[in-house]
Participant: 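Structure provided below as structure tokens; questions to follow.
Everything numeric in this text was worked out from a predicted model, so none of it was measured.
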Amino acid sequence: MDPEAGTNRTAVTEFILLGLVESETLQSMVFVFFLFAYLLTVGGNLSILAAILLESKLHTPMYFFLGNLSALDIGCITVTVPPMLSHLVSHRRTISYSACLTQLFFFHLLAGMDCFLLTAMAYDRFLAICRPLTYSTRMSQAVQRILVAMSWACAFSNALTHTIALRSLNFCGPNKINHFYCDLPQLFQLSCSSTQSNELLLFGVGFIMAGTPVVLIISSYVHVAAAVLRIRSVEGRKKAFSTCGSHLTVVCLFYGTGIFNYMRLGSEEASDKDKGVGIFNTVINPMLNPLIYSLRNPDVQGALWRVFVGRRSLT
């Protein structure tokens, strides 16, 4: 790479998002699918939020965190899918440099918030099952708000760090992003300056952002599993495993796709697998979360039913 080529910082003022498909017929199908997925995701998560707000039985720490997760899912899919739908309708694939960095910032802000919120939910399950006598004091409303505020602070710091670090890179062409939204791995490949420090930063911060929560979640559930196995009542064990199983499913989906996406920075070109992982991160996961948390939860099902038929719980 010619070192002089990267000196012109303003050489690239916009990027071209290649999207998912080239054929116009397939683009129409993609538009319909993603529009349906977006409406379903927003509707599902808003229903969960409405159920939590209206149903007094759900005014507990577990559902407080679940409500925050639903709000995050709405934000995560809104950051990526509506701009993609707009590009499909207008047949204009360009995105400005500043808009690209803005999208990247908010995507990493919400994804980072997911990491810490899922950890807080695991801590809540640990206290509820392993420390039931002190649960109300250890998971008071003040503690809940502190956990959420700390999660936002850490996620904001992470997103801001990567955005500032990315601004130090030079982009002098090519400017075609083989994806449907702006993300670090694809932008690294377009830089005409060295990205080694950025990649090390991504691995280092990623290890803290993902590794620490994973260790805490695993540790929490080791204690939870031991406590549940000591429960003599079959119904009690079933209820405990049911509430924990939904959370563990979401954790596996979130971290599984995230690790696959950001631990593969060595490839020269973005592949269709990266786009598939991107769809999972930004569309499938937010769409599945309301289903995962409601299908096996009678309290949420009852609250959703009362929301839909227009009757609030009297309890």
Side-chain angles (χ1 to χ4, degrees), residues 1-20 76 79-80 83-84 87 93-116 153-214 255-282:
M1 182 71 68
D2 184 3
E4 295 183 358
T7 59
N8 187 1
R9 178 68 184 277
T10 61
V12 172
T13 59
E14 62 182 18
F15 296 100
I16 299 173
L17 293 168
L18 297 182
L20 296 173
C76 188
V79 166
T80 55
M84 186 194 71
H87 293 157
R93 300 184 179 184
T94 57
I95 181 172
S96 68
Y97 176 85
S98 59
C100 186
L101 263 63
T102 300
Q103 184 182 54
L104 182 143
F105 171 80
F106 281 105
F107 176 72
H108 281 269
L109 171 66
L110 296 170
M113 182 61 186
D114 255 337
C115 287
F116 294 107
C154 293
F156 179 83
S157 300
N158 170 67
L160 188 63
T161 297
H162 288 304
T163 305
I164 293 175
L166 189 67
R167 286 186 63 86
S168 67
L169 298 179
N170 297 316
F171 296 93
C172 50
N175 66 338
K176 293 181 179 180
I177 300 175
N178 190 17
H179 217 303
F180 63 95
Y181 64 91
C182 294
D183 203 1
L184 292 172
Q186 290 73 35
L187 287 171
F188 286 168
Q189 294 161 8
L190 298 182
S191 175
C192 48
S193 54
S194 175
T195 61
Q196 184 177 2
S197 59
N198 296 75
E199 292 181 13
L200 289 174
L201 178 67
L202 179 59
F203 279 115
V205 176
F207 181 80
I208 298 172
M209 288 285 296
T212 303
V214 165
Y255 281 102
T257 53
I259 290 172
F260 183 86
N261 191 36
Y262 294 107
M263 296 297 113
R264 299 171 62 249
L265 295 179
S267 59
E268 290 295 327
E269 296 182 1
S271 66
D272 290 336
K273 291 182 180 179
D274 297 317
K275 296 180 183 179
V277 172
I279 293 173
F280 235 97
N281 284 334
T282 62

Participant: Would you please test Val214 and Cys115 for side chain to side chain contact (heavy atoms under 4.5 Å, CB included) and show each step?
Facilitator: CA-CA 9 Å; Val214 165; Cys115 287; over 6 Å; no

Participant: Do side-chain atoms of Arg93 reach the backbone of Ile16 as a donor and acceptor pair under 3.5 angstrom?
Facilitator: no

Participant: Taking atom types as modelled, find out whether Asn198 and His162 have a side-chain donor-acceptor pair closer than 3.5 angstrom.
Facilitator: no

Participant: Where do Met209 and Pro213 come nearest, in terms of heavy atoms and distance?
Facilitator: O-CG, 2.9 Å

Participant: Is a side-chain donor or acceptor of Glu14 paired with a backbone partner of Ile95 at a separation under 3.5 angstrom?
Facilitator: no

Participant: Say whether, by atom type as modelled, one donor and one acceptor occur between the side chain of Ser191 and the main chain of Phe188 under 3.5 angstrom.
Facilitator: no

Participant: Could you give me the CA-CA distance, side-chain angles and deciding distance for His87 and Phe180, then say whether side chain to side chain contact (heavy atoms under 4.5 Å, CB included) is met?
Facilitator: CA-CA 9 Å; His87 293 157; Phe180 63 95; over 6 Å; no

Participant: What's the shortest heavy-atom distance between Phe171 and Leu187, and which atoms?
Facilitator: CE2-O, 3.2 Å

Participant: Calculate, to the nearest 0.5 Å, the distance between atoms CZ and SG belonging to Phe15 and Cys100 respectively.
Facilitator: 5.0 Å

Participant: If you round to the nearest 0.5 Å, how far is CG of Asp114 from OH of Tyr255?
Facilitator: 8.5 Å

Participant: Nearest 0.5 angstrom please: Leu202 CG to Thr195 OG1, how far?
Facilitator: 10.5 Å

Participant: Does the side chain of Leu166 reach to within under 4.5 Å of the side chain of Leu104, using non-hydrogen atoms?
Facilitator: yes

Participant: What are the two closest non-hydrogen atoms of Ala155 and Gly112, and how far apart are they?
Facilitator: CB-C, 3.7 Å

Participant: Would you compute the distance between atom CG of Leu17 and atom OG1 of Thr80 and round it to the nearest 0.5 angstrom?
Facilitator: 11.0 Å

Participant: Side-chain contact, heavy-atom cut-off 4.5 Å: Leu109 with Asn158?
Facilitator: no

Participant: Step by step, would you call Leu101 with Cys182 a side chain to side chain contact (heavy atoms under 4.5 Å, CB included)?
Facilitator: CA-CA 7 Å; Leu101 263 63; Cys182 294; over 6 Å; no

Participant: Would you find a donor on one side and an acceptor on the other, under 3.5 Å apart, between the side chain of Gln103 and the backbone of Tyr181?
Facilitator: no

Participant: Could you go through Phe156 and Phe105, starting from their C-alpha distance and side-chain angles, then the distance that decides it, and tell me whether this counts as ring pair (Phe, Tyr, Trp, His ring centres under 6.0 Å)?
Facilitator: CA-CA 9 Å; Phe156 179 83; Phe105 171 80; 5.7 Å; yes

Participant: If you look at every heavy atom in Leu169 and Ser194, which pair is closest and at what distance?
Facilitator: CD2-O, 3.4 Å

Participant: Report yes or no: does Lys176 contribute a side-chain atom to a donor-acceptor pair with the main-chain N or O of Leu190 at less than 3.5 Å?
Facilitator: no

Participant: Before you tell me yes or no, could you show the steps for Val12 and Tyr97 under side chain to side chain contact (heavy atoms under 4.5 Å, CB included), namely the whole-Å CA-CA distance, both residues' side-chain angles and the distance that decides it to 0.1 Å?
Facilitator: CA-CA 8 Å; Val12 172; Tyr97 176 85; 5.5 Å; no

Participant: Under 4.5 Å between any side-chain heavy atoms of Leu184 and His108, yes or no?
Facilitator: yes

